Each structure stands twice: as C-alpha cells, then as structure tokens.
Amino acid sequence: MPRHWLFKTEPETFSIDDLARDGTTEWSGVRNFQARNLMREMKLGDLGFFYHSSISPPGVVGICKVVAEAHPDSSQFVKKGEYWDPSSSRANPKWWCVDVGFVEKFPRMIAIEELRAIPDLAYMPLLRRGQRLSVQPVSDQEWALIVRLGREA
DNA sequence: GCCAACGTTGGC
DNA sequence: GCCAACGTTGGC
C-alpha cells in the first residue's frame with residue numbers, strides 16, 4: 001500500500017502559498033472514481049507532493065500531509081455550486097476526500113521537464129502519457145529522490 | 001451492455 | 001489555443 005502521494009492543483013485556484021496561509025484544507029472537488037479511491041486509502045500522517053498544474057512550467061513545489069482521513073466531500077452537497085452533484089445524497093455520499101495540511105515549500109520548484117529527464121522516475125503516473133489523475137501514488141524510491149532534489153537550494 | 005458523442009484534463 | 005487521451009453519458 002503506497003504511503004506517499006501526489007496532489008495536483010492549479011495554483012490560480014489553490015496554491016502552496018494558499019495552503020501555507022490556511023494551514024489545512026479540504027481536498028474537495030475531485031470527481032474521478034480512481035482518485036477518490038486513492039484518497040480512501042490514505043492514512044493520517046501520510047505525506048504527499050504538492051504539484052502545480054496548468055501553468056508554465058508545471059512542477060512539484062512542496063510537501064503536504066493527510067490531516068484527516070477520507071470523509072464525504074462537502075462540496076457535492078452545495079446546491080448550484082460548482083461541485084454540486086445532484087446524484088449524490090448525504091445518506092449515500094458519492095464523493096470522498098481527505099484534508100491536507102501544509103508541511104513545507106521547497107526552496108525551488110522541480111519542473112516536470114526535470115522529472116522527465118530522470119530515468120528512475122519514468123514509471124510515475126505523472127509522467128506517463130495520458131495519465132491525468134489529480135491524485136496519484138508515489139513510490140518510496142520516487143519520494144526520496146524528489147525530496148532530495150526539492151531541498152537543494 | 002455496447003459504443004459514439006461529448007466533456008475534461010493538462011502539457012505543450 | 002491545440003489536441004491527445006480517456007472518463008462519462010445516454011441512446012439503443
């Protein structure tokens with residue numbers, strides 16, 4: 001069972017600086033069953049990379065941790081909200097998510113281009129063609145390698 | 001339960 | 001803005 005993860009977010013919507021400011025946040029709005037299932041596997045204290053997507057350049061910018069295990073995603077019940085799901089109910093919630101907390105911001109971003117150049121990372125879903133999961137597992141080896149890179153000033 | 005159409009993701 | 005990839009939807 002993976003104990004490390006990667007969380008994608010568009011920084012215009014919610015960035016590492018937003019997480020640093022707020023301390024914790026509900027990782028709501030994920031509407032993909034595979035990503036939901038991964039969040040249900042997460043345990044309190046699990047660490048994850050914080051990844052900025054849909055900007056130039058995209059990349060890993062820091063570390064967050066699971067501060068609450070999976071619970072129903074509150075945004076699915078907000079009527080007319082962006083993430084409202086009329087097919088879900090409080091009695092039988094469809095979407096689940098964790099809460100994440102700020103751990104650290106790396107002194108530099110590790111851009112996807114740099115990750116792609118490392119053969120040991122070739123099997124990361126992030127770098128694989130067509131893999132668009134917004135929540136992904138990260139192996140222990142990948143984790144250690146990327147943390148080392150990120151902490152290089 | 002097949003599968004075409006459609007919508008979304010996300011790097012480039 | 002383009003477009004490949006792929007998940008979801010809905011007609012049949």
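In this text the structure is predicted, and so the values were computed from the model without any measurement. Each chain gets a letter, A, B and so on, in the order the sequences are listed, and its residues count up from 1.
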Checklist entry - Within this structure, what is the CD-to-P distance between Glu113(A) and dG11(B), rounded to whole angstrom? => result 13 Å
Checklist entry - Please, which pairs that meet ring pair (Phe, Tyr, Trp, His ring centres under 6.0 Å) have at least one residue in residues 85-128 of chain A, sequence neighbours excluded? => result Phe33(A)-Trp95(A)
Checklist entry - Could you give the CZ-to-C1' distance, from Arg132(A) to dT8(C), as a whole number of Å? => result 10 Å
Checklist entry - Who passes salt bridge (Lys or Arg N to Asp or Glu O under 4.0 Å) against Arg31(A), sequence neighbours left out? => result Asp73(A)
Checklist entry - Just how far, in rounded Å, is C1' of dT8(C) from CG of Asp85(A)? => result 12 Å
Item to check | Integer-rounded Å distance: dG10(B) P and Tyr51(A) OH | outcome: 9 Å
Next on the checklist: Suppose we screen for salt bridge (Lys or Arg N to Asp or Glu O under 4.0 Å). Which residues come up paired with Arg21(A), at least two apart in sequence or across chains?
Outcome noted: Asp18(A)
Checklist entry - Distance check: side-chain N/O of Arg128(A) vs OP1/OP2 of dG11(B), anything under 4.0 Å? => result no
Checklist entry - Under the ring-ring contact (aromatic ring centres under 6.0 Å, His included) test, which residues partner Trp27(A), sequence neighbours left out? => result Phe7(A), Phe50(A)
Checklist entry - Rounded to whole angstrom units, what separation is found between the NE2 atom of His52(A) and the C1' atom of dG11(B)? => result 16 Å
Checklist entry - Are OP1 or OP2 of dT9(B) and a side-chain N or O of Lys8(A) less than 4.0 angstrom apart? => result no
Checklist entry - Please walk me through it: do Glu69(A) and Arg40(A) pass salt bridge (Lys or Arg N to Asp or Glu O under 4.0 Å)? => result CA-CA 7 Å; Glu69(A) 292 182 7; Arg40(A) 287 170 129 173; over 6 Å; no
Next on the checklist: Rounded to whole Å, please give me the gap between CG in Leu6(A) and P in dT9(B).
Outcome noted: 16 Å
Checklist entry - Rounded to whole angstroms, how far apart are CG on Asn32(A) and P on dG10(B)? => result 9 Å
Next on the checklist: Once salt bridge (charged side-chain N to carboxylate O under 4.0 Å, His left out) is applied, what residue pairs with a partner in residues 8-17 of chain A remain, sequence neighbours excluded?
Outcome noted: Asp17(A)-Lys105(A)
Item to check | Protein-nucleotide distance (Ile112(A), atom CD1; dG10(B), atom C1'), rounded to Å | outcome: 9 Å
Using the 3.5 Å cut-off, write out each protein N or O paired with an N or O of nucleotides 2-6 of chain B and the distance between them.
none

Next on the checklist: Looking only at side-chain N and O atoms, does Asp46(A) offer a donor or acceptor that is under 3.5 Å from a partner on His4(A)?
Outcome noted: no
Next on the checklist: Students often get this wrong, so: under 4.0 angstrom with heavy atoms, is Arg31(A) touching a base, only sugar-phosphate, or nothing?
Outcome noted: nothing
